[in-house]
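Notes for the one structure printed next.
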2 protein chains.
Amino acid sequence: MTIQEAAQRSGLSAHTLRYYERIGLIHSVGRNSSGHRDYAERDLQWLAFLTKLRTTGMPIADMCRYAELSRAGAHTAGERRAMLERHRERVLARIAELSQDLTALDYKIEMYKGVS
Amino acid sequence: MTIQEAAQRSGLSAHTLRYYERIGLIHSVGRNSSGHRDYAERDLQWLAFLTKLRTTGMPIADMCRYAELSRAGAHTAGERRAMLERHRERVLARIAELSQDLTALDYKIEMYKGVS
DNA sequence: ATTTGACCTGGAGTGCACTCCAAGCGGCAG
DNA sequence: CTGCCGCTTGGAGTGCACTCCAGGTCAAAT
């Protein structure tokens, strides 16, 4: 599939897809006879996973590290899992923080309701 | 209180406090006889509120708008409340998104557990 | 044959939110 | 009186994650 289709389906821009490949986040996207990228279903799945890491706030540098480990083979599975578990804790903490701040926000909104 | 004390107590850096004042997020911080900033308890409260808006992801530009409205007087209360309610929705949506992605992350971690 | 349009590359530019720097001032310890 | 420290200012620099540009290739349409 072309880069535009992949962009459409992944929700990332074509620019971002090229950028991700350049920095090593996506490995070995196929090329067709004229040198254009040709994304496979596997690439889309990987992209979907990357997108989850991104939207949950993992820095690009960490994602690169994860991608590198994935490329290195099965013996890195433990380290990858550890990365995900650390990340999981951060996401959990972030949800807790947001929930806390939401309560404060609600309180503030209530104050506006009381006044008007 | 000095800028260092205010930094300590707000959790922001002195750099950031000056920056926030410069862009109009904090209005009229007092100065002492030698021209140094002298933060009052009120400023700390305002800073704590700003910090909640920031950590929940409100862009600086929106916070400036809110600060501007606050300065403009009581007749802007409705608009301020509307801003907070819109922001509340975004925070809620963000929590929902994070929770969703957390589930996917958990699933991925389970897969690693199954393998190792 | 030429135009069009999607794609390629390396490198430069952008926006956000800080973060730091240089030059200077005020107060106080030695 | 000198040195130092913490503060002041305007302006420049930084890091992150894109985002865009220039110049070029290729295949299909006119």
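Everything quoted here is computed from the prediction, not taken from an experiment. A, B, ... follow the sequence lines: proteins, then strands. Residue 1 opens every chain.
A close approach under 4.0 Å does occur between a side-chain nitrogen or oxygen of A:Gln4 and OP1 or OP2 of C:dC7. Contact annotation: A:Thr2 reaches the phosphate of C:dC7 (side-chain N/O to OP1 or OP2, under 4.0 Å). Look at B:Tyr20 and you'll find a side-chain N or O under 4.0 angstrom from OP1 or OP2 of C:dC18. Between B:His15 and C:dC18 there is no side-chain N or O to OP1 or OP2 distance below 4.0 Å.
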Which pairs, protein N/O on one side and nucleotides 9-11 of chain C N/O on the other, fall under 3.5 Å?
from	atom 1	to	atom 2	distance (Å)
C:dT9	OP1	A:Arg31	NH1	2.9
C:dT9	OP2	A:Arg37	NH1	3.0
C:dT9	OP2	A:Arg37	NH2	2.6
C:dG11	N7	A:Arg22	NH1	3.1
C:dG11	O6	A:Arg22	NH2	3.2

Listing time: all N or O pairs from protein to nucleotides 24-30 of chain D that are below 3.5 Å?
none

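Using a cutoff of 4.0 Å between basic side-chain nitrogens and carboxylate oxygens, A:Arg88 and A:Glu85 are not scored as salt-bridged. The residues A:Arg37 and A:Glu5 are annotated as not salt-bridged, no charged nitrogen and carboxylate oxygen being separated by less than 4.0 angstrom. Using a cut-off of 4.0 Å between Lys/Arg side-chain N and Asp/Glu carboxylate O, B:Glu97 and B:Arg90 are scored as not salt-bridged. With respect to A:Lys113 and A:Glu110, a salt bridge is recorded, a charged nitrogen being found less than 4.0 Å from a carboxylate O.
A heavy-atom distance below 4.5 Å is not found between the side chains of A:Leu98 and A:Ile95. Between A:Leu53 and A:Leu84 there is a side-chain heavy-atom pair separated by less than 4.5 Å. Proximity of B:Ile3 to B:His36: side-chain heavy atoms (C-beta onward) are nowhere separated by under 4.5 Å. At a threshold of 4.5 Å between non-hydrogen side-chain atoms, the residues A:Leu92 and B:Leu102 count as touching.
Rounded to whole Å, atom C1' of C:dG15 lies 14 Å from atom CD1 of B:Ile23. Atom C1' of nucleotide C:dG5 and atom CD1 of A:Ile3 are separated by 15 Å, given to the nearest angstrom. For B:Asp38 and D:dT8, the CG to P distance is 10 Å, given to the nearest whole Å. Atom pair B:Leu50:CG and C:dC18:C1' shows a separation of 15 Å (rounding to whole Å applied).
Relative to the side chain of A:Tyr19, the nucleotides D:dA17, D:dC7, C:dT19 differ in distance, and D:dA17 lies closest.
A distance-only check finds a donor-acceptor pair linking the side chain of A:Asp43 to the backbone of A:Ala40 [under 3.5 Å].
Within residues 53-62 of chain A, the residues having any heavy atom closer than 4.0 Å to DNA chain D are, in order of number, A:Arg54, A:Pro59, A:Ile60.
Below 30°, between 30° and 60°, or above 60°: for A:Tyr66 and B:Tyr112 the angle between ring planes is above 60°, a perpendicular geometry.
In summary, the side chains of B:Thr55 and A:Asp101 do present a donor paired with an acceptor at a separation below 3.5 Å, with no hydrogens or angles considered.
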